[in-house]
Amino acid sequence: MKKRYLFMLLAVIAMVLSACGNDAGGDSDGDDGGKKTLVFGRGADSIQLDPSKVTDGESIYVTNQIYDTLVRYEEENTEVKPALATEWEVSDDGLVWTFQLREGVTFHDGTEFTAEDVAFNFERWTTSAEFVYYGYMFGASEEDMGGIIESVEATGDYEVKITLSEPNAPFLQTLAMPPFGIASPDAVEESGEDYFKNPVGTGPFVFEEWVPDDSITLSKNEDYFGEVAKVDEVVFRVIPDNGARFMELQAGTIDLMTGLNPQDISTAEGDEALQVIRRPSMNVAYMAMNTDKEGPLADKRVRQAINLAVNKDQLIELYEGIGKAAKNPIPPSLWGYNDEIEDYGYDVEQAKALLAEAGYADGFDITLHTFSNPRPYMPQPKVTAQAIQEMLGAVNINVEIIESDWDTHLATTENGEHDMAFLGWTGDNGDPDNFMYVLLDKDNATVGSAGNIAFYKNDELHDLLKTAQVEMDQDVRTGLYLEAQEIIHEDAPWLPIAHTTPALAASSSVMDYVPHPTGSEPFNLLDIQE
């Protein structure tokens with residue numbers, strides 16, 4: 001192990017004293033029979049622990065440990081395998097899915113898992129627009145809360161039949177997404193409105209404690225039907241600053257961290273006590289332009305001009321090797337990516353000409369909302385905002401930057417209170433539908449729960465995306481998505497910024513940790529070498 005610099009130890013000593021009482025990866029107090037604890041450092045707290053109501057990675061990282069879905073993804077890709085369901089079949093018309101469920105499974109509260117519990121959860125997801133992913137993925141609306149799902153019936157103690165109103169190509173992959181984790185009906189009813197902080201699932205870890213803005217503690221589920229966790233406890237610690245988090249990793253007070261600064265990668269790679277782990281790329285960072293507001297952004301010529309006025313090569317330098325410039329709303333790693341599209345490029349004079357044509361030769365004032373904490377798709381959000389502010393200033397667009405914490409930023413953008421705003425997306429199921437329909441379709445431009453924070457509404461695009469959902473031939477679907485990206489490029493509701501390969505760092509004692517392309521993974525397969 002390399003020697004530690006004295007200033008680093010001094011900087012983290014207060015953190016060590018205030019940590020959750022554990023040496024990372026070690027015994028908590030010497031009296032617990034050798035409890036093995038994994039301490040995971042992250043940049044922000046979870047918003048809540050009901051996965052069906054959240055879209056943020058900080059929440060899903062935790063809920064992925066607590067809940068199981070009917071089916072789950074393979075460890076390294078989005079191929080589907082059994083979980084709470086052991087097998088399934090679909091009717092020839094693609095409308096009826098029948099699932100055989102695993103027997104002998106219990107929720108963390110001791111109640112038995114049966115088909116009635118699956119039906120309860122699906123019915124619950126149709127009761128409110130708060131269950132945002134249900135709406136995103138199944139087309140639910142205030143007029144039709146069930147969306148494309150007509151019924152979910154328990155046709156036996158361990159058999160469930162789900163009937164759709166129309167075929168849905170990504171349906172099975174969608175069911176593996178974390179928001180569709182199966183919760184204990186007894187716990188939901190007992191906790192009521194407080195269920196979001198008292199989660200009960202069937203997963204490999206059991207919820208123990210949540211200290212807001214500090215830590216969440218989970219313990220191993222000894223009765224797990226799958227592979228029982230090798231660590232006894234997982235502690236998710238909130239350490240907002242990437243640099244401070246890395247220093248704690250170097251000092252040994254955490255075992256694993258997200259949000260490794262690009263400039264710290266080489267340091268971590270050169271330290272024999274640490275390891276750098278790269279998550280496969282399946283994401284996009286973007287700046288959405290609120291097309292629903294009266295004013296300049298309602299004109300696509302203005303949005304195109306903004307794309308032309310931003311030098312992406314300079315923005316990508318801020319990613320320091322972990323990002324590549326984006327031109328489409330889906331990453332190149334996804335099938336259906338349209339590589340024939342030519343990015344707008346950097347052309348200040350053409351940008352000025354478009355602004356003049358739209359009646360804004362003298363420019364205008366506008367706001368850009370950004371989050372304060374780094375995200376996997378944008379490691380330096382404030383600096384990125386400042387760079388765009390300077391670039392747009394060259395075409396007389398005066399940008400006011402508004403920086404908020406993550407929770408506030410999400411609320412602001414979902415409610416459409418912004419002019420322009422940063423956000424990003426890590427794919428959930430490996431299907432283009434999960435990017436384009438969720439983030440850019442008019443169905444998801446509802447104030448208060450918008451996934452489409454550009455509030456972009458294009459009927460031609462909508463028809464293509466809905467057709468792609470019911471088409472079961474992937475070659476045909478590919479053609480539809482290629483066409484959809486051409487429409488999006490022309491209308492320019494976004495400034496696509498980057499696709500990243502996020503870097504995580506861990507102690508060299510962490511073994512068998514495999515980061516998933518979707519952005520989070522269960523921890524029951526990893527171990528800590530003693």
Side-chain angles (χ1 to χ4, degrees), residues 42-44 56-58 240-246 258-265 279 281 283-290 297 303-329 331 343-348 351 365-395 397-410 412-413 417-426 439 453-454 492-503 519:
R42 57 198 184 131
D56 69 297
E58 302 294 9
D241 182 76
N242 281 7
R245 200 177 320 123
F246 182 52
T258 59
L260 181 65
N261 280 328
Q263 58 267 33
D264 290 330
I265 292 175
R279 186 179 299 283
S281 180
N283 62 29
V284 62
Y286 59 90
M287 183 179 76
M289 292 172 266
N290 193 337
L297 295 182
R303 302 193 299 267
Q304 291 171 341
I306 288 173
N307 273 268
L308 287 161
V310 173
N311 186 335
K312 285 188 189 173
D313 289 341
Q314 289 186 12
L315 292 188
I316 292 302
E317 289 178 6
L318 301 174
Y319 284 75
E320 300 191 45
I322 69 165
K324 294 184 178 180
K327 63 180 180 180
N328 291 322
D343 204 358
Y344 280 94
Y346 177 53
D347 191 329
V348 171
D365 298 334
I366 202 163
T367 60
L368 169 56
H369 288 252
T370 181
F371 37 86
S372 54
N373 56 304
R375 306 300 300 160
Y377 43 76
M378 188 175 289
Q380 301 190 75
K382 187 171 184 178
V383 176
T384 304
Q386 291 169 336
I388 290 177
Q389 179 186 50
E390 182 177 351
M391 293 171 191
L392 294 186
V395 294
I397 299 176
N398 303 309
V399 177
E400 176 190 358
I401 296 171
I402 300 175
E403 184 181 29
S404 304
D405 63 80
W406 182 235
D407 199 358
T408 302
H409 183 75
L410 290 181
T412 298
T413 54
E417 298 168 12
H418 59 288
D419 294 330
M420 304 188 301
F422 284 161
L423 210 56
W425 190 256
T426 298
L439 302 179
I453 68 162
W494 287 4
L495 167 75
I497 297 175
H499 308 292
T500 66
T501 305

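Because only heavy atoms are used, hydrogens play no part in the values below, and waters and symmetry mates are left out as well, while side chains stay in.
- Taking His418 as the reference, nothing meets the ring pair (Phe, Tyr, Trp, His ring centres under 6.0 Å) condition, with sequence neighbours excluded.
- Counting heavy atoms from C-beta outward, His369 and Glu403 have side chains that stay 4.5 Å or more apart.
- Using modelled atom types, no side-chain atom of Arg42 and backbone atom of Thr258 make a donor-acceptor pair closer than 3.5 Å.
- The minimum heavy-atom distance linking Ala326 with Val284 is given by the pair CB-CG2, 4.4 Å.
- In this structure, Arg303 CZ and Met289 CE are separated by 7.0 Å, a value rounded to the nearest 0.5 Å.
- With sequence neighbours excluded, the residues that form a side chain to side chain contact (heavy atoms under 4.5 Å, CB included) with Asn398 are Asp365.
- Residues passing the ring pair (Phe, Tyr, Trp, His ring centres under 6.0 Å) test with Phe371, sequence neighbours excluded: Trp406, His409.
- The shortest heavy-atom contact between Asn311 and Met391 is N-SD, 3.3 Å.
- Summarising the geometry, atom CD belonging to Gln314 is positioned 12.0 Å from atom OG1 belonging to Thr384; distances are rounded to the nearest 0.5 Å.
- Of all heavy-atom pairs spanning Asp241 and Ala244, the tightest one is OD2-N, 2.8 Å.
- The shortest side-chain heavy-atom distance between Phe422 and Leu495 does not fall under the 4.5 Å cut-off.
- Put simply, the side chain of Lys312 gets close to the backbone of Pro496: a donor and an acceptor are under 3.5 Å apart.
- Using a 4.5 Å heavy-atom cutoff, the side chains of Leu308 and Val348 are not in contact.
- Formation of a donor-acceptor pair under 3.5 Å by the Tyr286 side chain with backbone atoms of Trp425 is not found in this model.
- Of the possible polar contacts, none joining the Glu400 side chain to the Thr367 backbone as a donor-acceptor pair under 3.5 Å is found.
- Side-chain contact between Thr370 and Ile402 is absent, with no heavy atoms from C-beta onward closer than 4.5 Å.
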Assess whether side-chain contact (heavy atoms from CB on, under 4.5 Å) is satisfied between Tyr319 and Met378, documenting all intermediate values. CA-CA 8 Å; Tyr319 284 75; Met378 188 175 289; 3.9 Å; yes
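- Considering CD of Gln380 and CD of Glu317, their distance stands at 11.5 Å, rounded to 0.5 Å.
- If you take CG on Leu368 and CD on Gln389, they are separated by 8.0 Å, rounding to the nearest 0.5 Å.
- Annotation: side chain of Lys324 is not in contact with side chain of Ile316 (no heavy-atom distance under 4.5 Å).
- You'll find the side chain of Ile497 reaches within 4.5 Å of the side chain of Leu315, heavy atoms only.
- Checked by atom type and distance alone, the side chain of Ser281 pairs as donor or acceptor with a backbone atom of Thr500 at under 3.5 Å.
- In terms of heavy-atom proximity, Asn373 sits nearest to Gly43 at CB-O, 4.3 Å.
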Candidate pair Ile265 and Ile322, rule side-chain contact (heavy atoms from CB on, under 4.5 Å), full reasoning: CA-CA 10 Å; Ile265 292 175; Ile322 69 165; 3.6 Å; yes
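- Residues Pro374 and Asn242 are in side-chain contact: their nearest non-hydrogen atoms beyond the backbone lie under 4.5 Å apart.
- Remark: side-chain polar atoms of Asn261 are not paired, donor with acceptor, to backbone N or O of Asp264 under 3.5 angstrom.
- Under a 3.5 Å cut-off, the side chain of Arg279 and the backbone N or O of Pro502 do not form any donor-acceptor pair.
- Under the salt bridge (charged side-chain N to carboxylate O under 4.0 Å, His left out) criterion, the residue pairs touching residues 368-380 are Glu58-Arg375, with sequence neighbours excluded.
- Remark: Ile366 engages Leu297, Phe364, Ile397, Val399, Asp419, Met420 in a side chain to side chain contact (heavy atoms under 4.5 Å, CB included) (not counting sequence neighbours).
- A donor-acceptor contact shorter than 3.5 Å links the side chain of Asn307 to the backbone of Trp494.
- Counting heavy atoms from C-beta on, the side chains of Leu410 and Leu423 come closer than 4.5 Å.
- The ring pair (Phe, Tyr, Trp, His ring centres under 6.0 Å) test applied to Tyr344 returns His489, not counting sequence neighbours.
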